[in-house]
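Quick notes on the structure that follows.
In what follows, every chain begins at residue 1, and chains take the letters A, B, ... in the order their sequences are listed. Because the structure is a prediction, the values reported are computed rather than measured.
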Amino acid sequence: MSKLVCKRCVLDSDIPGIEINKETGFCHFCETYVPISSQEKEQYLNRIEELFKKYSGRGNYDVIFALSGGKDSSYTLYKLKKDYPFLKTLAVQFDNGFISDYAIINAKKICEISGCDYFKLTIEKKVLYELFRKAAESYDEFPKFAKYRASDICNICISIIKQKLIEQAIVQKAPFIVFAFTAGQSPNPIINLPSNFIQWSRNLFEKQLQKIGVDDRDEQFIIKNEVIKNIGDIAPSILHPLCLWEYSEDKVLETIVQLGWKPPALEDSNSTNCTLNSFACYNHLEKYGFHPYTFDIAGLVRSGEMSREDGLEKLQQELSQPLIDDAAKKLDIKINKPQKILL
Amino acid sequence: MEQIKNDILDYLKNNSFMEREKTIDDSDSLTQNGILDSIGLLELIDYICERYSIEIPEDMLTPENFDSLRGITNLITRLAK
C-alpha cells in the first residue's frame, strides 16, 4: 500500500503506530487534536504569574532554567526575565560533550543580558561518549512514546537534563524548573512533580539506562537518592511558558539576534547548538526509517506554529555529513553508508 | 469498570504510538512494555484528573496505581465515587 501523509501535519502511514483515516485524510493525532484556546493560554499565564508571586523568594533561586544556548531557550530566558524581572534564575547549560562553542558564548551572553546566574553542568567526555555510543547501538530499547518523539541519543540527553535539573531545583530549593518547549513539543504548560513521582521517574530512567547496558552506580545521570530524601515540603513544578506565547521561528531569531545572539555556522537545520544532532538523526533514520523530528515538526504544524510546507521541507533537508563523521569518530562508531542522507 | 478501562485504552491509542491492534493484559506494565515513559505518565495523570474531575493524592502516585490498566481503573473507581 502506498504511503499516506496526513493532510494537516507531516505524519505518515509508514511510521509505526500512525494511522491515517482514509476518509478525512487526517492522522489519529490530528483527528483528536484540540488546541489550547487563546483564553486558556491567558488563564495558564495568569496561573503561572500567581505561582511565581506566591512561591518566589523562598529558596536560593526561584527558577532553574534549562538553557541549551539554542534559539528557543535563549529567547525564552530573555522573555521570561523581561516579563518577570523579579525571578532569581539559575540557567543551567548541559555540556554533553558536543555543544558548539557558539552555544556556550550565546548562553553566557543571554544570561548576562537577562541578569541570570550561569552554571555549566559537565560530565567527563569519555563517560558521555560511552553512554551515547550505547544509545546509538541499542535497538528498540526505548518506550514507543519516547522513541517516536526523539532519537535514542536525544532521549538519553534530555533525560539527563531533566534528572539533573530536578536535582538542582531540590538542592537550591527552587520551586520552578523552566524548559523552552514549544506547543508542538509539550502540550502541558504546567507540570507538578510530586516527590513520589520524582522517585518513580528516577527509577524508570535508571532501568532505561540498564536496558542499554549502562549501570549508573555513581548517579552521574540520574537524580541522587540522597537528594530526593531531602526534598522539602514543596516539590518543584515544571513550566513551559514558550508554548503559551505567540511563536514563530523568524520572530524568535529576529529578537535574539538583535540582542547579540550569534547564529551558529552549523549545517544542521534542526539544531543550532548541538554537534551530535546530525549523527543522532542519521542513527535514528538508519535504525527506524523515519526522521526523529517528524513528531516534533508535526506538532508545530498542527498547532499552527509552522506551515505544513515548511515542515515537510525541513524533514527533507540533508543532514550534515561532516558533523555525522565527526560524531561517529568521537563515539567510535563505524558509519555503514557514508553518503548524504535524504528521506 | 470496563468503560473506564476502554476509555484509558482509547487514550493510550490516540495519544501514544501504541498500535491499534495491540492488546495488553490488565496487569501488564505500561512502562516496561514500552507504551509510556515518565512524560507520558504525567500527561496520562493530567488527562485522568480532567476527564474524571478528580484530584489524585500524592501518596497514590505509585507504580501500583498507574503502571497498569487494572491499577488505573481501580484508582479512578475509588476516587470518582
Margin query: With a sphere of 6.0 Å drawn around CZ of A/R47, does it hold more than 12 non-hydrogen atoms of other residues, nucleotides or ligands?
Written below: no

When the 4.5 angstrom heavy-atom criterion is applied to A/L193 and chain B, the contacting part is side chain

Between A/F197 and B/S38, the two heavy atoms sitting closest are CZ-O, 3.4 Å

Honestly, the part of B/I45 sitting under 4.5 Å from a heavy atom of chain A is side chain

With sequence neighbours left out, the residues meeting salt bridge (Lys or Arg N to Asp or Glu O under 4.0 Å) with B/E64 are none

Note: B/L61 and A/N196 closest approach over all heavy atoms is O-CB, 3.6 Å

Per-residue tally against chain A (heavy atom, under 4.5 Å) across B/T31, B/I35, B/L41 peaks at B/L41

One should read off an interatomic distance between A/F142 CZ and B/D37 CG, to the nearest 0.5 angstrom, of 10.5 Å

When the 4.5 angstrom heavy-atom criterion is applied to A/S195 and chain B, the contacting part is both

Whatever's closer than 4.5 Å to a heavy atom in chain B on A/F295 counts as side chain

Between the OG1 atom in A/T32 and the NZ atom in B/K13, the distance rounded to the nearest 0.5 Å is 14.0 Å

Rounded to the nearest 0.5 Å, the CG atom of A/N192 sits from the CG atom of B/L42 at a distance of 9.5 Å

In short, salt bridge (Lys or Arg N to Asp or Glu O under 4.0 Å) pairs touching residues 191-212 of chain A with sequence neighbours left out are A/R202-A/E206, A/R202-A/E219

Over 12 foreign heavy atoms within 6.0 Å of CD, A/E42
no

